Amino acid sequence: MPDRLPLAYYEDHDTLTLSQQLLGCEFVHDSPEGPSAGIIVETEGYVTGDPACHAYRRETKRNAAMFGPAGTLYVYQIYNHYNCINVVTGPKGVGEAVLIRALQPTEGIDLMTLRRNEAFKTGFARYRQNTIDSSTADGFRNLCNGPGKLVISLGISRTEHNGSSLVTGPIYIRPRVLTDFDMVTTTRIGITQGVDLPYRYYIQGNRFVSRK
DNA sequence: CGTTAGATAGTCT
DNA sequence: GACTATCTAACGG
């Protein structure tokens with residue numbers, strides 16, 4: 001029995017509270033190739049009435065998973081190439097979510113490295129020669145220190161995993177394994193709307209955070 | 001260190 | 001037709 005957060009955990013907290021409480025929890029993918037996991041060190045909240053939220057206008061084909069029940073996984077494609085993952089929050093019919101921006105790898109390091117290297121070979125033409133060496137400090141840090149990278153490292157795909165349940169599916173979140181840390185609250189990254197809203201949270205001093 | 005340009009698809013208006 | 005919740009290398013100080 002995997003030690004995973006139950007449905008009530010996602011239902012009982014509002015989106016911004018959950019964005020903060022997910023810090024220090026472990027994000028896991030039990031894939032056919034093996035397990036891989038990391039501690040959540042950076043999140044962003046996207047809520048109703050927030051112009052940066054994908055559900056701001058209405059439900060569409062892309063954002064449909066955001067309107068599902070709390071504890072659903074929302075995977076979307078960004079910048080023509082990468083994918084990002086969100087933990088859907090709020091009741092069914094409400095489109096809110098927590099973006100997972102960075103992980104501190106804990107399990108399946110070799111599998112993560114393999115996936116990143118495979119992605120280089122089949123991805124951008126300019127980066128086909130790139131490799132990650134996770135036995136170096138820099139290589140290890142670069143496995144999951146950004147929303148696009150962690151999706152590759154964990155082997156999550158939009159077509160396979162968008163809309164899957166964190167409560168019953170192969171991708172889930174374990175309760176906090178890290179509790180003794182200070183949290184930084186700041187504005188979100190890479191957006192052009194809602195730039196002043198302080199909905200980004202990260203573990204102070206953690207070297208796997210995408211950027212200070 | 002810092003900032004910036006370029007690669008690159010699918011979905012929405 | 002326009003618009004991104006990114007990543008990487010290359011450049012300048």
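Computed from a predicted model, the values in this text were never measured in an experiment. Below, chains carry the letters A, B, ... as their sequence lines are ordered, and counting in each starts from 1.
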So [X], base contact, sugar-phosphate only, or nothing? Heavy-atom distance under 4.0 Å.
X        : result
A:Arg200 : nothing
A:Ser210 : nothing
A:Arg62  : sugar-phosphate

Protein-nucleotides 10-13 of chain C N/O pairs under 3.5 Å:
none

Next item on the list: Show your reasoning for whether side chain to side chain contact (heavy atoms under 4.5 Å, CB included) applies to A:Leu143 and A:Thr113.
Entry: CA-CA 7 Å; A:Leu143 285 175; A:Thr113 310; 4.0 Å; yes
Check: Is there a side-chain polar atom (N or O) of A:His81 under 4.0 Å from OP1 or OP2 of C:dC7?
Finding: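 False: A:His81 side-chain N/O out of range (4.0 Å or more) of C:dC7 OP1/OP2.
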Checklist line | Nucleotide interval of DNA chain B bounded by contacts with chain A (heavy-atom cut-off, under 4.0 Å) | finding: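 Nucleotide range with atoms under 4.0 Å of chain A: B:dG6 to B:dT13.
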Checklist line | Where at least one partner belongs to residues 179-189 of chain A, residue pairs that pass side-chain hydrogen bond (donor to acceptor under 3.5 Å, both in side chains), sequence neighbours excluded | finding: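 For residues 179-189 of chain A, and leaving out neighbouring residues, the side-chain hydrogen bond (donor to acceptor under 3.5 Å, both in side chains) pairs sorted by first residue read A:Asp50-A:Arg188.
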Next item on the list: Sort and list the pairs that fulfil side-chain hydrogen bond (donor to acceptor under 3.5 Å, both in side chains) and have at least one residue in residues 85-102 of chain A, not counting sequence neighbours.
Entry: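 Counting only pairs at least two positions apart or across chains, the side-chain hydrogen bond (donor to acceptor under 3.5 Å, both in side chains) contacts touching residues 85-102 of chain A are A:Thr15-A:Thr89, A:Thr15-A:Glu96, A:Glu42-A:Arg101, A:Thr48-A:Glu96, A:Arg101-A:Ser210.
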Check: Between A:Tyr46 and C:dA5, do the rings stack, that is, sit under 5.5 Å apart with planes less than 30° off each other?
Finding: yes
Margin query: Please determine whether any donor N or O and acceptor N or O are separated by less than 3.5 Å between the side chain of A:Tyr79 and the base of C:dA5.
Written below: no
Note to self: If a pair means Watson-Crick or G-U wobble with both distances below 3.5 Å, what does DNA chain C look like in dot-bracket form, with | marking bases paired to a different strand?
What the structure shows: ||||.|||||||.
Checklist line | Set of ring pair (Phe, Tyr, Trp, His ring centres under 6.0 Å) partners for A:Tyr127, sequence neighbours left out | finding: A:Phe124
